[in-house]
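Accompanying notes for the structure given below.
The figures that follow rest on heavy atoms only: side chains count, while hydrogens, waters and symmetry mates do not. For reference, positions follow the sequence shown, starting with 1.
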Amino acid sequence: FRSRAAAAVTLEWIERLGLKGAEIWAKSDDRPNIIFRLPGRPGGKTLMLSGHLDTRPIGELREWRSDPHEPTIRDGKMFGLGTSDMKGAVAAMVYATAALAASGQELGGDLLLAFTADEETGSMAGARYLVRERGLTADAALIGEPQSIHEPFESLPLVSRTGVSFLVRIYGTQGHSSVSDRIHMVNAIQKMAWVLDRMAREWRPSYPDHPLCPYGPTVNVGMLVRGGVSFGIYPGFAEFGVEVRTTPGMTPEAVRADAELFLRALSEEDADLKWEFVYNRDPALYTQPTVVPEDEPLVSHVLEAAEQVLGRRLPFTYFPGGTDRKSTRLNSSHVALSR
């Protein structure tokens, strides 16, 4: 429903601003993608402006200072679910395209808007579908993800990381809890807590150095946990999730090898530890992080435009998360830049 609502509002404003011919390309009705092309000189190159229409879940409502479903202006900034990730960029792209169309000037090539569904959950009905099943192509693409951490517009990311996630399953002894002090039983939840704590404090996968990724991969242990049946039943199973935001050159196979090496070492410390490594997603879907060369023409254009507006030249860095580029293999250059 939320994706359809976001698409409906976006389409309404595209048409309200005088842009005619926007289309819905959808693999499923609940995940619509919006495609609009502003034609330029025949034979010219195509520049894509791209943003996704879906959002992450709200999470704990008490962590919000205002209703996430109601846009709120506070201290000159808008707050609400998906405001920066990434409805702000989508709105900026629509207005920029409308301004170009209204100017009446001939473009050197086509300007393509691609607003995608499903980016937050794998892009199977979004970018992957558009490229692999509908044949969407461009010569270059600018993805408007928010790229700032400490202050607005602090850098220009040329690397877009991807990620690998997996579950560590722990097996214990399921039985009646009333006899846990009479016979040897292994509490899978307690064992999981020990492994989770050790892994969070001590484990880090190997990775090749990259000049734009000085901190290496980001490792989050305990992204989700599950275990137990009910009171009265001693827990024989528990699991926790691990997320690794990978840098260029890392592979799912290498991450798994490093994790299993660490878990085997823990098993040598504790003979009661029984574990299993399980990928959260099919590793065959993994794509390498994007690395855009500094001498790409689009990079210099973005730098010049940013300097004109901000009055300073942006340094190069990496984008901490993944973008729709992780799901596609376009014949294009990709720069993640905040609106």
Side-chain angles (χ1 to χ4, degrees), residues 33-52 84-86 88-101 103 105-116 119 123 126-127 130-131 135-148 152-162 210-213 247-248 287-339:
N33 304 284
I34 297 176
I35 303 298
F36 174 80
R37 186 179 297 271
L38 182 64
R41 188 178 302 131
K45 293 185 177 181
T46 297
L47 172 64
M48 176 191 294
L49 302 181
S50 181
H52 63 85
S84 62
D85 189 10
M86 52 181 297
V90 170
M93 291 171 177
V94 170
Y95 270 87
T97 303
L100 283 173
S103 72
Q105 66 183 39
E106 183 184 33
L107 302 180
D110 290 358
L111 181 61
L112 177 66
L113 298 182
F115 299 142
T116 62
E119 191 268 355
S123 302
L130 293 176
V131 172
L136 188 68
T137 61
D139 295 286
L142 191 147
I143 300 176
E145 292 278 7
Q147 41 60 280
S148 302
F153 305 104
E154 62 187 5
S155 61
L156 175 63
L158 297 186
V159 173
S160 179
R161 298 197 299 183
T162 53
H210 191 281
L212 294 182
C213 301
T247 56
T287 56
Q288 274 289 322
T290 305
V291 182
V292 179
E294 295 182 14
D295 60 357
E296 282 284 347
L298 179 59
V299 173
S300 62
H301 294 319
V302 171
L303 280 177
E304 291 171 7
E307 189 169 6
Q308 289 179 15
V309 174
L310 303 173
R312 55 186 168 85
R313 195 165 183 84
L314 299 179
F316 295 133
T317 186
Y318 69 95
F319 183 65
T323 70
D324 265 331
R325 175 59 183 90
K326 71 184 183 296
S327 307
T328 64
R329 297 188 183 278
L330 285 172
N331 178 25
S332 60
S333 306
H334 294 256
V335 179
L337 180 70
S338 176
R339 66 265 174 241

Check residues 307-316 and write down every donor-acceptor pair under 3.5 Å in which the side-chain atom is one partner and the other belongs to a residue at least two apart or another chain.
{"residue": "Glu307", "atom": "OE1", "partner": "Arg313", "partner atom": "NH1", "Å": "3.2"}
{"residue": "Arg312", "atom": "NH1", "partner": "Phe153", "partner atom": "O", "Å": "3.1"}
{"residue": "Arg312", "atom": "NH2", "partner": "Pro152", "partner atom": "O", "Å": "3.4"}
{"residue": "Arg312", "atom": "NH2", "partner": "Phe153", "partner atom": "O", "Å": "2.9"}

Task: pair Leu136-Met48: side-chain heavy atoms closer than 4.5 Å - done: yes

TODO: Report yes if some heavy atom in the side chain of Phe115 is under 4.5 Å from a heavy atom in the side chain of Val94; otherwise report no.
DONE: yes

Task: Side-chain donor-acceptor contact under 3.5 Å, Asn33 with Thr116 - done: no

Open item on the list: My understanding is that only residues two or more places apart in sequence, or in another chain, count here; which of them pass side chain to side chain contact (heavy atoms under 4.5 Å, CB included) with Pro248?
Closed with: Val159, His210, Cys213, Pro289, Val291

Open item on the list: Would you say that Asp139 contacts Leu47 through its side chain, given a criterion of any heavy-atom pair below 4.5 Å between the two side chains?
Closed with: no

Task: Distance in Å, Leu130 CG paired with Thr137 OG1, rounded so as to fall on 0.5 Å steps - done: 11.5 Å

- [ ] Under the side chain to side chain contact (heavy atoms under 4.5 Å, CB included) rule, collect the residues that match up with Thr97, sequence neighbours excluded.
- [x] Leu19, Phe36, Leu38, Leu49, Leu111, Leu113

TODO: Could you tell me whether the side chain of Asp110 and the main chain of Gly40 form a donor-acceptor pair under 3.5 Å?
DONE: yes

Open item on the list: Keeping Arg161 on the side-chain end and Pro320 on the backbone end, is there a donor-acceptor pair under 3.5 Å?
Closed with: yes

Open item on the list: Tell me which pairs pass side chain to side chain donor-acceptor pair (under 3.5 Å) where either residue lies in residues 41-52, with sequence neighbours left out.
Closed with: His52-Asp54, His52-Asp85, His52-Glu119, His52-Glu145

Open item on the list: Would you say that Gln105 contacts Leu100 through its side chain, given a criterion of any heavy-atom pair below 4.5 Å between the two side chains?
Closed with: yes

- [ ] Could you tell me whether the side chain of Phe319 reaches within less than 4.5 Å of the side chain of Ser160, counting heavy atoms only?
- [x] yes

TODO: Check Ser155 against Thr317 and note the closest heavy-atom contact, atom names and distance.
DONE: OG-CG2, 2.8 Å

